[in-house]
Amino acid sequence: MMFKKGQTAYSLINGTDHDSHELLSVRNPADDSLLANVTQVNTVEADFAVEVASECFEQLKKSTAQARSNILYKWYQLIMDNQSRLAELVTLEQGKPIQESKAEVVYAAGYVRWFAQQAERVCGTVIPAHTPNHQITTHKQGVGVVLGITPWNFPLAMVTRKVAPAYAAGCSFILKPSELTPLSAIELAKLALQAGMEQGAFQVLVSDNPQALIRHLNSKKIIRKLTFTGSTQVGKLLYAQCVETMKRASLELGGNAPFIVFDSANIESAIDGLMIAKFRNAGQTCIAANRVFVHRDIKAEFLEQLIRRVDSLKVGNGLIAGSDIGPLINQAAKTKACELVEDAIAAGANCIVQNIEELQTGAFMSPVILDMVVPDMKIFQSEIFAPVVSIIEFDSELQVTSLANAVDAGLAAYVYSASMKQVSRVSNALNFGMVGINEGAISNPAAPFGGMKESGLGREGGIEGIDEYLETRYFCQHI
Ligand SMILES: NC(=O)c1ccc[n+]([C@@H]2O[C@H](COP(=O)([O-])OP(=O)(O)OC[C@H]3O[C@@H](n4cnc5c(N)ncnc54)[C@H](O)[C@@H]3O)[C@@H](O)[C@H]2O)c1
Ligand SMILES: N[C@@H](CC=O)C(=O)O
């Protein structure tokens with residue numbers, strides 16, 4: 001275990017533990033016990049971090065891609081060497097089952113390795129000129145100092161998915177992690193330092209007043225890029241702030257994924273996919289299956305198999321072997337999910353698994369299956385972020401495609417069908433940035449992760465992920 005109960009942890013400025021009397025308490029969502037007190041950063045101290053990041057950016061401009069790549073490889077290796085320690089910390093501060101935390105460490109490290117490779121693949125171009133005595137070339141360089149804000153649901157992976165490409169591109173990074181899970185981010189930054197990253201390249205500023213701290217930082221001209229992962233509501237607010245200084249913005253926001261099961265689908269494999277897409281992290285993922293559309297002809301059989309699988313899930317402390325579903329992040333998250341379930345039942349949904357009265361204690365929540373959900377229910381339009389399966393019956397391909405698209409979000413979608421022609425037609429018609437085709441696990445560092453419509457702007461991971469941190473310049477030279 002990294003932190004003894006009640007121990008102090010530190011924001012990290014200029015590679016150094018930041019001392020302060022202003023402390024933020026980090027609690028374990030499984031039992032609300034205190035894990036650590038973390039020193040917070042005020043706006044004056046944040047200004048110093050910006051200065052440090054700015055100097056570091058100038059230093060990084062002179063570094064080679066190969067040198068940065070080598071450091072990223074070392075960081076990757078250190079994260080993997082510390083897999084057990086980091087996984088335990090994630091479970092303690094976030095709640096997910098330990099096997100999922102171990103998988104998150106590998107996933108997070110995967111982004112570091114991927115961008116260690118991509119660092120050396122950033123190339124400009126030579127463009128045929130308009131006259132014989134001109135030469136046109138393009139050049140890529142890091143955008144500058146980056147401000148990153150991350151959520152609590154993947155306390156490691158959402159950080160590396162931003163910091164690794166930024167560093168590969170030659171940018172310095174100031175991170176404001178979620179106030180609910182700052183400890184994992186601090187550990188990542190310490191490992192980055194150990195790997196040889198410059199002191200100003202990755203700083204971690206913790207605050208229990210994100211609104212004020214980020215408002216202050218986002219007005220800085222020297223910060224050229226904002227990268228945010230979190231709710232659509234906060235993302236819109238931050239995007240508006242970026243206009244003042246014309247900052248570039250990447251926004252990875254909320255989802256409302258349709259999970260469509262056609263009558264030709266292999267039901268068992270669709271349920272395998274749904275168990276991952278719905279119950280990973282107790283349903284608290286942006287790509288969670290939020291609306292499960294099942295063709296009328298197979299619904300009875302689908303539900304029968306689903307109920308059996310859901311009944312076998314064990315809700316419990318993520319550190320206890322065999323727990324499949326840990327606590328939600330806090331009591332407020334559970335209250336919100338229960339309200340959505342109650343609202344749906346009041347509007348005519350049929351609760352076929354778990355009586356709302358019998359939900360677990362504290363932040364723990366048993367899985368719920370709701371049948372007969374319809375589009376005008378709040379649960380259809382909202383991101384549930386809890387282990388609740390909403391079933392919507394459909395008859396035709398046209399009907400389900402239009403219902404699937406009838407929300408503001410456009411992050412992930414899932415299609416199960418035995419007909420390759422059908423999956424092609426439907427995938428093309430869905431307005432979502434990512435589509436799982438007969439597959440429920442779609443996250444992968446090599447793939448461009450991101451959404452359409454109100455799910456955000458830009459892509460993380462994949463070949464595209466580094467472009468978010470690069471400026472393209474063009475030189476027109478008379479020769
Ligand atoms: N698209 C993706 O890749 C992706 C990935 C993970 C999570 N998410 C989304 O994140 C949400 C859950 O995360 P959350 O509850 O931490 O989201 P959130 O928007 O409440 O918080 C995200 C971050 O923003 C900060 N923040 C909150 N209010 C702020 C403000 N007014 N100004 C500046 N910063 C502020 C928080 O401190 C936190 O660090 C869900 O909607 C989920 O879908 C999206
Ligand atoms: N589930 C996403 C993150 C959003 O919650 C991922 O797999 O990267």
Side-chain angles (χ1 to χ4, degrees), residues 24 40 94 96 100 103-104 106-108 110-111 147-162 175-182 184-185 204-219 226-242 249-257 276-290 328-330 332-333 336 382-386 408-412 432-434 436 440-462 465 468:
L24 173 142
Q40 302 198 57
Q94 200 276 331
K96 67 182 68 175
E100 285 193 31
E104 184 179 344
V106 177
Y107 181 45
Y111 282 106
L147 171 62
I149 304 168
T150 47
W152 48 265
N153 64 342
F154 287 81
L156 297 172
M158 296 305 95
V159 173
T160 57
R161 197 156 86 175
K162 295 181 187 305
L175 176 73
K176 208 281 315 147
S178 167
E179 55 279 25
L180 299 173
T181 56
S184 304
V204 183
L205 313 189
V206 175
S207 170
D208 65 3
N209 189 350
Q211 193 170 351
L213 181 66
I214 297 302
R215 185 74 200 81
H216 178 77
L217 288 171
N218 224 5
S219 67
L226 172 86
T227 173
F228 171 77
T229 297
S231 62
T232 299
Q233 188 194 0
V234 174
K236 285 181 179 178
L237 192 139
L238 297 177
Y239 192 29
Q241 290 175 11
C242 288
S250 296
L251 303 164
E252 292 285 347
L253 309 178
N256 182 344
I276 298 167
K278 177 75 252 182
F279 293 108
R280 177 171 166 240
N281 201 11
Q284 303 171 110
T285 77
C286 53
I287 56 173
N290 209 55
L328 295 189
I329 189 66
N330 52 31
K336 187 186 143 219
S382 314
E383 194 180 22
I384 305 170
F385 245 52
D408 292 331
L411 193 58
F432 291 80
M434 299 173 279
I442 59 171
S443 304
N444 185 325
F449 196 103
M452 294 161 67
K453 300 192 331 192
E454 294 195 10
S455 289
L457 296 173
R459 294 292 179 268
E460 290 191 325
E468 304 286 335

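Every number for a ligand or one of its atoms is a count from 1 in the order of the listing.
Considering backbone and side-chain N/O of E383, one or more are found under 3.5 Å from N/O of ligand 1. The shortest N or O to N or O distance between T285 and ligand 1 is not below 3.5 Å.
Near M158, with a cut-off below 4.0 Å to any heavy atom, the atoms of ligand 2 are 3 (C), 8 (O). Numbered from 1 in the order shown, with element, the atoms of ligand 2 that lie under 4.0 Å from a heavy atom of N153 read 4 (C), 5 (O). With ligand atoms numbered from 1 in the order given, ligand 1 contributes 41 (O), 43 (O) to contacts under 4.0 Å with heavy atoms of G254. Close contacts of ligand 1 with N153, meaning ligand atoms under 4.0 Å from a residue heavy atom, involve 6 (C), 7 (C).
Summary of contacts: the protein heavy atom closest to atom 5 (C) of ligand 1 is T229 CG2, 3.1 Å. Given atom 8 (N) of ligand 1, the protein heavy atom at minimum distance is C286 CB, 3.7 Å. For atom 31 (N) of ligand 1, the closest non-hydrogen atom on the protein side is Q211 CG, 3.6 Å. Nearest to atom 37 (O) of ligand 1 among the protein's heavy atoms is E179 OE1, 2.5 Å.
Taking all heavy atoms of L237, I287, L411, V234 into account, the minimum distance to atom 28 (N) of ligand 1 is reached by V234. If you check each of I149, L253, N218 against atom 1 (N) of ligand 1, the one with the closest non-hydrogen atom is L253. With atom 33 (C) of ligand 1 as the reference point, the heavy atom nearest to it among I214, T150, L251 is part of I214. Remark: among candidates F385, W152, F449, the nearest residue to atom 14 (P) of ligand 1 is W152, based on non-hydrogen atoms.
Residue contacts with ligand 2 for R161 involve side-chain atoms from C-beta outward but no N, CA, C or O (heavy atoms, distance under 4.0 Å).
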